[in-house]
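Below is one structure, written out as structure tokens; comments come after it.
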Amino acid sequence: DGYLAISAHSAQEGIKYLNLNEKSVVNISTACDELFKKIQHDKFEDLSRLNIAKPFVLYTGGADDRKNIVGLIKAFASLPIQLKKQYQLVIAGKIPDGNMEHLHLCAKKSGLGFNEYLFIGYVTNEELVTLYNRCSLFIMPSYKEGFGLPALEAINCGAPVIGSNCSSIPEVIGYKEALFDPYDINDISKKIEKALTDDNFRSDLVSHESKQISK
């Protein structure tokens, strides 16, 4: 009788590819768990076991091709040398061994040193909240998302968030200036650089996100 979609993008896909009646499809969107919020520094989970050595850019999620981790690695590797010395790329989430080997090879070919990026594997929800709160920037580089919940979790934790300009991600982030072309390594890299070096831009990101949370 009716269909519930997790985003406007997913609703349109149902209408287009499944020939659903537009009037029968409702975008209910979604929200993240109340666990994901800004927390005081003294309540941070201890992350010493994760070997994070300096300020970091964070990605969390799956490792399938649509997540575009290869593009993220290449974009981070393209940053100015000084930024790569100052920041670390941290990728959280369980990654199959085969994928991990491929990503390490990609990082090596891109010129990233082992101290410039880090795969930390599976993390608990509590650790994830701390990572969102402590990261200098969260990035969602996917080609395709049904919604893009990690971006919303990061926004709720007060992290500056940038992401792809396609599929449902623009709905989640809700700020055109925070978006990049995930198929363009240079565009991703320039947006990361701007978010890490332009204080006014970072302030605009966070200021907008406080409005986005209310949705």
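Bear in mind that the values here come from a model prediction, so they are computed numbers and not experimental data.
- Using modelled atom types, one finds no donor on one side chain facing an acceptor on the other under 3.5 Å when comparing Gln212 with Tyr175.
- Between Leu112 and Lys84 the shortest side-chain heavy-atom distance falls below 4.5 Å.
- In this structure, Ser78 contributes its side chain and Lys74 its backbone to a donor-acceptor pair below 3.5 Å.
- Shown here is Ile81, whose CD1 atom has no more than 12 heavy atoms of other residues, nucleotides or ligands within 6.0 Å.
- Linking ILVMFWY side-chain heavy atoms closer than 4.5 Å, directly or via other members, places Leu35 and Val161 in a single hydrophobic cluster.
- To the nearest 0.5 Å, atom OH of residue Tyr143 and atom CD1 of residue Ile169 are 11.5 Å apart.
- At most 12 heavy atoms of other shown residues, nucleotides or ligands fall within 6.0 angstrom of atom CD in Glu101.
- With a 4.5 Å cut-off on side-chain heavy atoms, Leu152 and Phe36 do not count as touching.
- The shortest side-chain heavy-atom distance between Ile192 and Leu83 does not fall under the 4.5 Å cut-off.
- Note: the hydrophobic cluster containing Ile28 does not contain Phe147 (ILVMFWY, side chain heavy atoms under 4.5 Å, direct or indirect links).
- Taken together through direct or relayed side-chain contacts under 4.5 Å among Ile, Leu, Val, Met, Phe, Trp and Tyr, Ile120 and Tyr122 form parts of separate hydrophobic clusters.
- Contact check for Ser189 versus Leu79: side-chain heavy atoms found under the 4.5 Å cut-off.
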Report task. Please test Leu72 against Lys67 for side-chain contact (heavy atoms from CB on, under 4.5 Å), starting from the C-alpha separation and ending with a verdict. Result -> CA-CA 9 Å; Leu72 173 57; Lys67 297 294 188 177; over 6 Å; no

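- Lys108 NZ: 12 or fewer foreign heavy atoms inside a 6.0 Å radius.
- In this structure, CD in Glu171 is found 10.0 Å from NZ in Lys215, a value given to the nearest 0.5 Å.
- Residues Lys85 and Gln82 bring no donor and acceptor atom of their side chains to less than 3.5 Å of each other.
- Relative ring orientation between Tyr59 and Phe138 is described as parallel, the plane-to-plane angle staying below 30° on a 0-90° scale split at 30° and 60°.
- Judged by the 6.0 Å and 45° rule, Lys194 forms a cation-pi pair with Phe201.
- Residue Val172 is not grouped with residue Leu128 when hydrophobic side chains (ILVMFWY) are merged at heavy-atom distances under 4.5 angstrom, including chains of intermediate members.
- In summary, the side chains of His208 and Lys176 do not present any donor paired with an acceptor at a separation below 3.5 Å, with no hydrogens or angles considered.
- Rounded to the nearest 0.5 angstrom, Ile91 CD1 and Tyr117 OH are separated by 9.0 Å.
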